[in-house]
Amino acid sequence: MLTLRPSALFVSALSCAATVFASDRVVIVPLTDPSIVLTGNTRYNASVCGGAIYLPTVGDALYYQFNGSDIQLDTLVVSNTDMGNFTASPDEANILSADSTPWDNPPSLDCSVRESSSFSLFGGYQLKLGVHTLEYKNIGRSTGGGGIFVVGMSYFPDPLPSTFSTGTPEDPQPVFREAKASSRVILAASVASVGGVFILLCLGEALRRRLRNKRRANNASVESVDMNILGSAEAAPNSQKQKS
């Protein structure tokens, strides 16, 4: 009987998929990196989601210089989050990360519920490959917000696919995350679909390998049994001759 462990198959599939997507380099920036400049009341809080940069008040900001074509910040989705202004210089590229309305019954803090902001995701373009300085600033909200938690930072050191135009628009205007929500859903769905196909293909390959190995083992077992039976049959006449 062939016993398949789902966990083993899933690991095999993920390994295969990781090999396929390995060409897309992403540099993860530790939030404790000393090259991240914090201004105002901005501070690092190690007790939030394994470590987060907190911008509690309007005007608080962080700055980071990187060499690449795009940069991404991940922020927590919590009640009453302030709006953030996401700018790269010298490109004058600018997007606005969304705020969130106060909830009557805010859920407990969930570190897995995050929003991502990048120029390719919400502006539809990539920066010219080179050195840029990111400025991320808390610009508040009309009702008074509860600050912003940055829980992840990464950048792309290589050019992005040519589907993203290079450089900012002729008349760059701030892009709201809400206005790009439909594009974001389409992009996420496309990535999920492609990723799902690769996972399924890898699962199929892992299953075929296990079935093939099992059949080989079964065939070897059958051959061994046949040889034992044949040996017993040959031995029986000899023993009868000896008795006669």
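- Gln126 places a side-chain heavy atom less than 4.5 Å from the side chain of Pro159.
- For Ile28 against Ser154, the heavy-atom pair with the smallest separation is CD1-CB, 3.8 Å.
- For the 3.5 Å distance criterion, the side chains of Asn138 and Asp60 fail to qualify, holding no donor opposite an acceptor.
- For the side chain to side chain contact (heavy atoms under 4.5 Å, CB included) test with Ile148, the passing option among Thr42, Thr81, Leu62 is Thr81; the others fail.
- Of the residues listed (Ile71, Val150, Ile95), the one engaging Ser117 in a side chain to side chain contact (heavy atoms under 4.5 Å, CB included) is Ile95, and it is the only one.
- The aromatic ring centres of Phe164 and Tyr125 sit 6.0 Å or more apart.
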Next on the checklist: Could you go through Ile53 and Arg43, starting from their C-alpha distance and side-chain angles, then the distance that decides it, and tell me whether this counts as side chain to side chain contact (heavy atoms under 4.5 Å, CB included)?
Outcome noted: CA-CA 6 Å; Ile53 295 177; Arg43 57 187 179 273; over 6 Å; no

Next on the checklist: Does Ser97 form a side chain to side chain donor-acceptor pair (under 3.5 Å) with Tyr136? I'd like the steps, not just the answer.
Outcome noted: CA-CA 9 Å; Ser97 64; Tyr136 186 64; 2.8 Å; yes

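- Closest of all the heavy-atom pairs between Asp74 and Ser116 is OD1-OG, 2.6 Å.
- Considering CG of Asn85 and NZ of Lys137, their distance stands at 7.5 Å, rounded to 0.5 Å.
- Under the 30°/60° scheme for interplanar angles, the aromatic rings of Phe66 and Tyr155 are found to be tilted.
- Between Phe119 and Phe86, the distance separating the two ring centers is shorter than 6.0 angstrom.
- Across every non-hydrogen atom of Tyr44 and Gly50, the tightest pair is OH-O, 3.8 Å.
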